[in-house]
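Heads up: the structure comes next, in structure tokens.
The structure presented is a predicted model; accordingly, all values stated were derived computationally and were not measured. Computed over heavy atoms, backbone and side chain alike; hydrogens, waters and symmetry mates excluded. First listed ligand is number 1; within each ligand, the first listed atom is number 1.
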Amino acid sequence: MAGITLRGLTKDYPGGVRALDSLALDVADGEFFALLGPSGCGKTTLLRTIAGLENATQGSVHIGGADVTRLPPGRRDVGMVFQDYALFPHMTVADNIAYPLRIKKRGRAERHEAAAGVASSLGLDGLLRRRPGELSGGQQQRVALARAMAARPRVFLLDEPLSNLDARLRLEARTFLKRLQRELGVTTVFVTHDQAEALAMADRMAVMEAGRVRQVGTPAEVFRRPASLFVASFIGSTPMNLLPGRVRGEHAVLGDETVLPLPDGTRGRVGEGDEVVYGIRPEYLDFLQDTAGAGKGTFTGRVAVVENLGSSSLVTLEAAGGLVHVVVGEGREPAAGDRGRARPRADRALLFRNGGLVNGGGDATAESAAMGERPG
Ligand code: ATP
């Protein structure tokens, strides 16, 4: 088991694409670490470069304190699971799982014993003689995991291993994978497109953009205190409301008529007239079915759309300052065309200036309890 240290990591593909750009990252020993970011930001390239399947153009990869930058994949002690599982179709489940040990030239008896042990821990006992084509998506995923585990690597690299599963299986596999990782304590780097998955599973995560790491933190930290407008707009299943305005005295004025108290932690950090962006998640606005004191401390306007989210609704309010999305609990939702107000929770509001967060550095650990109720 081992931590991963990346320094100045750059990867240029032929044709001039810079997929990784002087990237630095530390993943702690035994950590479950998620990589998130828009398509093409370099997540897969990063995993492949850690695994040694791509050579770094510049920079270094250390695993467990040892410099592995120039070592071939087979000597890095890394197990990788790909999105499509990359199982050998002509081999049985047992032979697929034992494959890494065959590469390591272990004896037949040892290979089969190890494969059977791993298969059993993943609930695959009855399937050892089948071929991948005779398995469900969830079973194939487990075989791919078993194959990565069989060689007992120090590091697991998982590239969207759950994306081929349907919603129900995915949830099951997520719980399973998380438990397995806990039990094995193997340092794991996990690429996903699914934010809810990253927020639910990861000990810490990195948000990437254009080959660089933009923020590293616990899911609670990144969700509550996005370091930049980019991270704020990327994280969250219902996007954060981000409205431009100016500082006037103790207030942020958005679109001339919406006057909101400055969010907690921003007084003294912004100056009169500063151009800012006011950020508040739809979950942290209280909807009021009246228009008293329009615009003072609230967004006020007409309800344009009400969308059913199941146990709540997403209300779009046409306020001075822009469209504002509000999550409203069951039974309290207005009708389209109604007028109403949305009041931000000052302790949850954020202020950005020049693209960066003004009220950063809050104590996000105290907030992690609430995360379970409101996954992004
Ligand atoms: P996605 O979420 O869509 O899988 P990603 O974040 O994993 O994307 P990468 O696959 O790492 O991104 O790609 C990063 C950049 O490198 C992209 O611009 C991509 O087009 C480019 N790229 C990836 N592989 C190669 C390659 N073999 N040759 C040339 N360019 C490549």
Side-chain angles (χ1 to χ4, degrees), residues 4-27 32-61 63 68-70 72-73 76 78-87 137 140-141 144-145 148 155-165 167 170 173-174 177 187-202 204-217 219 222-223 226-237 239 376:
I4 303 168
T5 306
L6 310 174
R7 289 292 176 268
L9 203 59
T10 295
K11 173 66 189 177
D12 292 332
Y13 284 113
V17 178
R18 177 153 290 189
L20 302 176
D21 191 1
S22 305
L23 182 145
L25 186 65
D26 292 283
V27 179
F32 199 119
F33 195 95
L35 288 178
L36 270 175
S39 183
C41 71
K43 303 179 293 292
T44 296
T45 302
L46 182 56
L47 277 201
R48 291 176 61 84
T49 310
I50 297 172
L53 299 170
E54 301 288 350
N55 283 318
T57 308
Q58 272 173 36
S60 63
V61 179
I63 297 177
V68 301
T69 317
R70 299 290 154 216
R76 293 192 183 196
V78 158
M80 188 154 170
V81 176
F82 300 90
Q83 183 174 0
D84 61 3
Y85 311 140
L87 298 174
Q140 288 183 35
Q141 187 236 1
L145 276 174
V155 167
F156 270 148
L157 303 173
L158 311 176
D159 194 357
E160 306 220 25
L162 308 182
S163 63
N164 284 341
L165 306 179
R170 207 174 159 127
R174 185 160 116 180
L177 192 60
T187 310
T188 301
V189 185
F190 179 88
V191 166
T192 178
H193 265 113
D194 185 335
Q195 300 190 14
E197 207 161 273
L199 292 171
M201 294 176 76
R204 287 194 309 148
M205 59 198 234
V207 180
M208 289 179 63
E209 182 193 19
R212 288 171 174 263
V213 169
R214 296 299 185 197
Q215 187 170 5
V216 176
V222 176
F223 186 79
S228 64
L229 278 177
F230 166 75
V231 177
S233 58
F234 183 74
I235 297 288
S237 54

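Side chains of Val216 and Asp26 form no contact here, defined as non-hydrogen atoms less than 4.5 Å apart. At least one side-chain heavy atom of Leu23 sits under 4.5 Å from a side-chain heavy atom of Met208.
Annotation: ligand 1 has protein neighbours Tyr13, Val17, Ala19, Pro38, Ser39, Gly40, Cys41, Gly42, Lys43, Thr44, Thr45, His193, each with a heavy atom less than 4.0 angstrom from the ligand.
One distance of note links OG1 of Thr69 with CD1 of Ile50; it measures 11.5 Å at 0.5 Å rounding.
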Could you walk me through whether Leu46 and Leu9 pass the side chain to side chain contact (heavy atoms under 4.5 Å, CB included) test, one step at a time? CA-CA 9 Å; Leu46 182 56; Leu9 203 59; 3.8 Å; yes
Can you list the steps and then say if Leu6 with Val61 is a side chain to side chain contact (heavy atoms under 4.5 Å, CB included)? CA-CA 5 Å; Leu6 310 174; Val61 179; 3.8 Å; yes
Side chain to side chain contact (heavy atoms under 4.5 Å, CB included) between Phe33 and Ile4: does it pass, once the steps are laid out? CA-CA 11 Å; Phe33 195 95; Ile4 303 168; over 6 Å; no
